[in-house]
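Okay, so here's the structure we're looking at.
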Amino acid sequence: MASRKKGQKKKTGKRKRRRVLVTVLICIVCVIALVFIVRGARNYRAKVEEQRLVEEEQQREDRIAAAEPELDIDLLTINDYSRPGIEMQQIDGIVIHYTANPGTSAIANRNYFENLKDTHEAKASAHFVVGLEGEIVQCIPTAEIAYASNTRNTDTVAIECCYENEDGSFNQATYDATVDLAAWLCAREGLSANDVMRHYDITGKLCPLYYVEHPEAWTQFQEDVAERIDEILE
């Protein structure tokens with residue numbers, strides 16, 4: 001009788017240990033499963049966030065592409081005097097110039113830059129020339145430097161602007177086209193209106209003349225560029 005009770009106690013002890021072991025194993029499995037679930041949820045959230053960022057970037061690129069101004073691409077011949085063909089390492093700013101030659105057209109100024117390869121009278125150029133009717137002629141790819149902004153040739157895009165009056169002010173068509181072009185370039189390169197500067201801000205040269213002599217007009221120009229950037233990216 002005693003031996004039977006002893007045997008039953010052993011069986012009961014084994015069953016208890018087995019239950020404990022099973023419980024422990026179940027807990028371990030649950031913990032492992034929970035770890036995988038948490039990791040899976042984190043990975044899923046990360047993938048969702050990554051996809052969201054990709055979609056937002058694509059939408060941003062689409063908006064910028066849609067805002068590209070109409071460009072008349074008429075690139076200069078590579079030469080030592082106006083298009084050296086030197087790679088632009090990065091773009092940190094946009095520089096506004098004026099032609100200092102009232103009444104001339106965008107294509108005339110482009111052709112002046114082109115002829116420097118033959119005349120050798122100066123080293124000068126710009127990436128873009130904005131004309132009196134708002135036309136935009138691209139002379140140099142933005143991936144290359146232009147001879148326009150002295151010490152900032154290596155990291156800025158130059159926009160040369162035509163004008164009619166001796167005071168150097170831009171007419172409305174030139175002004176609007178320059179705002180659109182500068183804003184589009186800023187949006188494309190991740191810049192702000194504060195990165196749009198006058199040639200004067202680099203060297204002290206009175207260029208663009210009107211916007212040096214009338215700083216309030218320059219402030220308004222930058223505000224208009226900022227507003228246009230917001231319109232492009234909104």
Side-chain angles (χ1 to χ4, degrees), residues 68-171 173-175 177-182 184-186 188-189 191 195-213 218 221:
E68 180 178 357
E70 183 177 347
L71 304 175
D72 180 8
I73 300 175
D74 194 356
L75 300 181
L76 306 177
T77 304
I78 292 181
N79 69 92
D80 292 336
Y81 290 85
S82 55
R83 185 188 170 191
I86 299 172
E87 181 181 358
M88 179 93 73
Q89 296 300 317
Q90 62 186 34
I91 297 175
D92 296 323
I94 313 298
V95 183
I96 306 300
H97 304 256
Y98 85 138
T99 62
N101 192 3
T104 57
S105 66
I107 194 63
N109 282 279
R110 179 265 171 208
N111 290 341
Y112 167 75
F113 295 145
E114 174 69 15
N115 289 335
L116 290 175
K117 74 181 190 303
D118 302 316
T119 64
H120 300 178
E121 64 182 75
K123 288 188 175 183
S125 57
H127 292 91
F128 301 93
V129 184
V130 181
L132 298 174
E133 297 180 1
E135 72 277 18
I136 302 172
V137 178
Q138 182 170 8
C139 306
I140 296 177
T142 55
E144 298 176 17
I145 73 166
Y147 286 146
S149 305
N150 304 79
T151 58
R152 297 299 302 273
N153 285 338
T154 57
D155 72 337
T156 59
V157 173
I159 302 175
E160 194 85 38
C161 301
C162 298
Y163 65 102
E164 296 171 301
N165 300 320
E166 291 292 341
D167 66 0
S169 59
F170 304 160
N171 68 27
T174 303
Y175 185 93
T178 305
V179 167
D180 285 346
L181 177 58
W184 172 68
L185 289 167
C186 283
R188 192 188 72 178
E189 301 300 332
L191 304 175
D195 298 309
V196 180
M197 64 199 81
R198 301 164 294 185
H199 191 182
Y200 168 81
D201 298 316
I202 300 170
T203 66
K205 181 178 180 180
L206 300 181
C207 173
L209 179 64
Y210 184 83
Y211 301 93
V212 174
E213 295 183 339
W218 177 250
F221 179 87

T77 side chain near R83 side chain, heavy-atom distance below 4.5 Å: no
Closest approach of A106 to V130 (non-hydrogen atoms, all atoms of both residues): CB-C, 4.2 Å
Begin with the C-alpha distance, continue with both residues' side-chain angles, and end with the deciding distance and a verdict on side-chain contact (heavy atoms from CB on, under 4.5 Å) for D92 and R152. CA-CA 9 Å; D92 296 323; R152 297 299 302 273; 4.0 Å; yes
Shortest non-hydrogen pair, I94 vs I159, comes out as CG2-CD1, 3.6 Å
I140 side, atom CD1; M88 side, atom CE - distance, nearest 0.5 Å: 9.0 Å
How far apart are the closest heavy atoms of Y163 and T99, and which atoms are they? CE2-OG1, 3.4 Å
Under 4.5 Å between any side-chain heavy atoms of K205 and Y200, yes or no? no
Should the ring pair Y211 and F221 be called parallel, tilted or perpendicular, given that the plane angle runs from 0 to 90° and is split at 30 and 60? tilted
Residues forming a salt bridge (Lys or Arg N to Asp or Glu O under 4.0 Å) with R188, sequence neighbours excluded: none
L191 side, atom CG; T156 side, atom OG1 - distance, nearest 0.5 Å: 10.5 Å
4.5 Å side-chain heavy-atom contact, N115 and Y81: no
Start with the C-alpha distance between V196 and I96, add both sets of side-chain angles, then the distance that settles side-chain contact (heavy atoms from CB on, under 4.5 Å), and finish with yes or no. CA-CA 7 Å; V196 180; I96 306 300; 3.9 Å; yes
Interatomic distance, OG@S125 vs CG@N153, rounded to 0.5 Å, equals 7.5 Å
Please lay out, stage by stage, how S82 and E114 fare under the test side-chain hydrogen bond (donor to acceptor under 3.5 Å, both in side chains). CA-CA 7 Å; S82 55; E114 174 69 15; 5.5 Å; no
Could you check whether atom CD of E121 has more than 12 heavy atoms from other residues, nucleotides or ligands sitting under 6.0 Å from it? yes
Which atom pair, heavy atoms only, marks the closest approach of E144 to H127? O-NE2, 2.7 Å
Between D155 (side chain) and Q90 (backbone), is there a donor-acceptor pair under 3.5 Å? no
Work out which heavy atom in C161 is nearest to a heavy atom in T174; give both atom names and the distance. CB-CG2, 4.2 Å
So if I apply the side chain to side chain contact (heavy atoms under 4.5 Å, CB included) rule between C162 and each of V137, T178, V129, which one comes out positive? V129
In short, S149 meets A158 closest at the heavy-atom pair OG-CB, 4.3 Å
Checking R110 against L76 for the side-chain contact (heavy atoms from CB on, under 4.5 Å) test, could you report, in this order, the C-alpha distance in whole Å, the side-chain angles of both residues, the deciding distance, and whether it holds? CA-CA 8 Å; R110 179 265 171 208; L76 306 177; 3.8 Å; yes
Is the CD atom of E213 crowded by more than 12 outside heavy atoms at less than 6.0 Å? yes
For F128 and L185, what are the C-alpha separation, side-chain angles and deciding distance, and is it a side-chain contact (heavy atoms from CB on, under 4.5 Å)? CA-CA 11 Å; F128 301 93; L185 289 167; 4.0 Å; yes
Distance col, row E164:CD vs N171:CG, nearest 0.5 angstrom, shows 4.5 Å
Can a donor-acceptor pair be found between the side chains of H199 and N150 at a distance below 3.5 Å? yes
As an exercise, state the distance from SG of C139 to CG of D74, rounded to the nearest 0.5 Å. 7.5 Å
Kindly say whether G168 contributes a backbone atom to a donor-acceptor pair with the side chain of E166 at under 3.5 angstrom? no
Separation between CD (E135) and CG (D72), nearest 0.5 Å, reads 8.5 Å
